[in-house]
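Here the structure is laid out as structure tokens; the discussion comes afterwards.
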Amino acid sequence: MARFRLKSCITLIALALLLLIITLVLKALTPEDSPFESPGEIKVNLYRQTASQNQRDYNKSPEETKMKDPAESGKDAELESTLRKFPPPNYYLHAFYYVWYGNPKFDGRYIHWDHPQLPHWDAKVAQEYPQGRHKPPDDIGANYYPSLGPYSSRDLSVLEAHMQQLRTAAIGVIAVSWYPPSTKDDNGEPIDEIIPSLLEVAQKYHIKVAFHIEPYKGRDEVNMFTNVKYIIEKYGEHPAFFKYRTNNGKLLPLFYVYDSYLMNSEQWAKLLKHTDSGSIRDTPYDAIFIALLVEEKHKREILTAGFDGFYTYFATNGFTYGSTQRNWVSIKAFCDDNDLIFIPSVGPGYIDTSVRPWNFKNTRNRINGKYYETSLSAAMESRPDFISITSFNEWHEGTQIETAVPKTGQTVYLDYLPNKPTIYLEITRKWAAIFGGERQRWQD
């Protein structure tokens, strides 16, 4: 009997020691052990964001801690269920995105959908083509008709739908067209006030937002510094704000600069070179600045100016030196030789005759997706650092991959038939996976 009790005691002691060891191991596990760490170059860590938020909740006093609304919990669960249906976002795949659209319900009138038909610069040629403004909702300034109709960029349900389409396409970053506060393009209204909503909705869908700085009136090196400072101070801490880790280990925002050639290299160098007293380099507002490559001579000028890389924007193969796909391999070689980033821009096609009725020579037929796939293949051959898509929703120039539907009436519209409205999202999704795999292979 004594031996039996001794054996029982030994067994209990061993069990207690086992439980103690398990407890210590579990306590040793921290959020840093998360398997969801993103690639080193991109600042994306969804698990840690959630963990840090939970930690903040634990630090609250009992008075500050409230039971979560069951309806809110249900929405969170529904969102997580929706997110699981999407492919993972590729943060090296960027899409140019526009928030300049408006309609009477949200903006008091149609904005951009009523785009004017622009006259040709030659008065004799201009006389041969129609002029005047489009009259939505049936007559819009586009050759295709959006499945969401002539929407407003202020409509949160539209932003939600867009993020879902972007995630369907596995796009990780949108480069939003941006004008400084109180400024606007020739046919729109100020858009900076839309950015907070865009960031919030993008974050829900784990999409990042970069800024595509437009050639606003009076743009120079001084107010560029001011405006970059404004963007970083106002939006830079938002979790959806896109940042990229450079080769020297800095985590920096990335800015696309449209029509950068409108300022000369000497002006840009004052902002972008370390040698100038007014330089943005090595300040809290330093960033990666990507210039638009149009002509071949711009390669050397962009390098001299102190930019960090090129993008090509235009979806019309052959329209410019930069947008000519056969040049991309040599452009990438130039970038490699000079420590620059190369971001070729691909698109599903091009047609802008609804707003430039005389510009039919630059039309590029979509050929049921073949033009897009050829462009993506050409981009891949250059082994780019990123790929940019022109565009998600630039409807005036017919470069959108956003869903479109057939539309009948007095105005004749093109459509994606015989394919589904999602055809270009699906093509993007396929190539996002190919690009992701190839990038990994190039690094290996």
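- Under the 30°/60° scheme for interplanar angles, the aromatic rings of Trp395 and Trp113 are found to be tilted.
- Using a 4.5 Å heavy-atom threshold, the side chains of Glu402 and Tyr151 count as touching.
- Using a 3.5 Å distance cut-off with no hydrogens or angles, the side chains of Tyr350 and Asp352 do pair a donor with an acceptor.
- Phe241 and Phe211 have tilted rings, their planes meeting at an angle from 30° to 60° on a 0 to 90° scale.
- Put simply, the side chain of Asp138 does not reach to within 4.5 Å of the side chain of Thr411, judged on heavy atoms.
- No salt bridge links Lys370 with Glu373; every basic N to acidic carboxylate O contact stays at or beyond 4.0 Å.
- Between Tyr129 and Phe360, the two ring planes are tilted [angle within 30° to 60°].
- Between Phe255 and Phe289, a ring centre-to-centre spacing shorter than 6.0 Å is recorded.
- Without hydrogens or angle criteria, Asn90 side chain to Tyr92 main chain gives a donor-acceptor distance under 3.5 Å.
- Within a 6.0 Å radius of CG in Asp122, more than 12 heavy atoms belonging to other residues, nucleotides or ligands are found.
- By the 4.5 Å heavy-atom criterion applied to side chains, Arg167 and Pro89 are counted as neighbours.
- Note: His162 and Phe392 have perpendicular aromatic rings, judged against thresholds of 30 and 60 degrees for the angle between ring planes.
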Review point. What's the verdict on side-chain contact (heavy atoms from CB on, under 4.5 Å) for Tyr371 and Asn365, showing C-alpha distance, side-chain angles and the deciding distance?
Key: CA-CA 7 Å; Tyr371 181 89; Asn365 193 305; over 6 Å; no
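- Between the side chains of Ser323 and Thr316, no donor-acceptor pair of N or O atoms lies under 3.5 Å.
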**Study point:** Derivation and outcome, side-chain contact (heavy atoms from CB on, under 4.5 Å), residues Phe334 and Phe342
**Key:** CA-CA 9 Å; Phe334 179 90; Phe342 179 50; over 6 Å; no
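- Summarising the local packing, CG of Asp337 is surrounded by more than 12 heavy atoms from other residues, nucleotides or ligands at distances under 6.0 Å.
- Note: Phe96 and Tyr311 meet the aromatic proximity criterion, with ring centroids under 6.0 Å apart.
- The pair Glu221-Lys273 does not meet the salt-bridge criterion, since no charged nitrogen lies less than 4.0 angstrom from a carboxylate oxygen.
- Asn393 places a side-chain N or O within donor-acceptor distance of the main-chain N or O of Tyr98, the cut-off being under 3.5 Å.
- Within a 6.0 Å sphere centred on NZ of Lys135, other residues, nucleotides and ligands contribute 12 heavy atoms or fewer.
- Here the straight-line distance linking atom CZ of Phe310 with atom NZ of Lys332 works out to 11.5 Å at 0.5 Å rounding.
- Ionic pairing of Asp186 and Lys217 is not present here: no N-O contact between side-chain nitrogen and carboxylate oxygen is shorter than 4.0 angstrom.
- Under a 3.5 Å cut-off, the side chain of Asn338 and the backbone N or O of Leu340 do not form any donor-acceptor pair.
- For Arg356 and Glu397, the salt-bridge test passes: some basic side-chain N is under 4.0 Å from an acidic carboxylate O.
- From Asn327, atom CG reaches atom NZ of Lys299 across 8.0 Å, with rounding to the nearest 0.5 Å.
- Arg326 CZ: 12 or fewer foreign heavy atoms inside a 6.0 Å radius.
- Ion pairing between Arg219 and Asp259 fails under the 4.0 Å rule for side-chain N and carboxylate O.
- At a threshold of 4.5 Å between non-hydrogen side-chain atoms, the residues Phe106 and Val158 do not count as touching.
- With hydrogens and angles disregarded, a donor-acceptor distance shorter than 3.5 Å links the side chain of Asn103 to the backbone of Pro150.
- Looking only at distances, a side-chain donor or acceptor of Ser260 sits under 3.5 Å from a matching main-chain atom of Leu292.
- A perpendicular orientation is assigned to the rings of Tyr230 and Tyr235, their planes being inclined by more than 60° (bins at 30° and 60°).
- The two residues Phe225 and Gly278 make their nearest non-hydrogen contact at CD1-O, 3.6 Å.
- Looking at residues two or more places apart in sequence or on another chain, you find no side-chain hydrogen bond (donor to acceptor under 3.5 Å, both in side chains) involving Gln117.
- Using a 3.5 Å distance cut-off with no hydrogens or angles, the side chains of Ser177 and Glu214 do pair a donor with an acceptor.
- Contact annotation: the side chain of Pro215 never approaches that of Tyr261 to less than 4.5 Å [non-hydrogen atoms, C-beta and beyond].
- At least one donor-acceptor pair under 3.5 Å links the side chain of Thr312 to the backbone N or O of Ser345.
- Applying the salt bridge (charged side-chain N to carboxylate O under 4.0 Å, His left out) test between Lys204 and each of Glu160, Glu78, Glu80 identifies Glu160 as the sole match.
- Listed for the Asn223 side chain is a donor-acceptor partner under 3.5 Å among the backbone atoms of Asp220.
- Under the 3.5 Å distance criterion, with hydrogens and angles disregarded, no donor-acceptor pair is assigned to the side chains of Asn317 and Ser375.
- The side-chain heavy atoms of Met224 and Val228, taken from C-beta on, include a pair separated by under 4.5 Å.
- At least one donor-acceptor pair under 3.5 Å links the side chain of Asn143 to the backbone N or O of Ser354.
- In this structure, CG in Leu293 is found 10.5 Å from CZ in Phe314, a value given to the nearest 0.5 Å.
- Classified by interplanar angle (parallel below 30°, tilted 30° to 60°, perpendicular above 60°), the ring pair Phe386/His94 is tilted.
- In this structure the side chain of Arg154 never reaches within 4.5 angstrom of the side chain of Lys105, judged on heavy atoms.
- Take Glu233 and apply the side-chain hydrogen bond (donor to acceptor under 3.5 Å, both in side chains) test, not counting sequence neighbours, and it matches Lys229, Tyr285.
- Rounding to the nearest 0.5 angstrom, the gap separating the OG1 atom in Thr168 from the CD atom in Gln165 is 7.0 Å.
- Closest heavy-atom contact between Ala126 and Pro119: CB-CB, 4.2 Å.
- For the pair Tyr321/Ile331, a side-chain contact is recorded, criterion being any heavy-atom separation below 4.5 Å from C-beta on.
- Between Ala240 and Leu199 the shortest heavy-atom distance is CB-O, 3.5 Å.
- The main-chain N or O of Leu272 is found under 3.5 Å from a side-chain atom of Arg281 such that the two form a donor-acceptor pair.
- Evaluated for a side-chain contact (heavy atoms from CB on, under 4.5 Å) with Phe435, the options Ile387, Leu376, Thr428 yield exactly one hit, Ile387.
- Checked by atom type, the side-chain pair His112/Asn187 shows no donor-acceptor distance below 3.5 Å.
- For residues 399-428, the set of pairs meeting the ring pair (Phe, Tyr, Trp, His ring centres under 6.0 Å) definition, not counting sequence neighbours, comprises Tyr144-Tyr416, Tyr145-Tyr413, Tyr416-Tyr424.
- Of the possible polar contacts, one joining the His396 side chain to the Gly141 backbone as a donor-acceptor pair under 3.5 Å is found.
- Asp308 and Ile288 make their closest contact through OD2-CA, 3.4 Å (heavy atoms, listed as atom of the first residue, atom of the second, distance).
- With no hydrogens or angles considered, no side-chain donor-acceptor pair links Gln164 and Thr82 at under 3.5 Å.
- Interatomic distance, CZ of Phe242 versus CG of Leu252, reported as 11.0 Å (0.5 Å rounding).
- A distance of 5.5 Å separates CG of Asn362 from CZ of Arg364, quoted to the nearest 0.5 Å.
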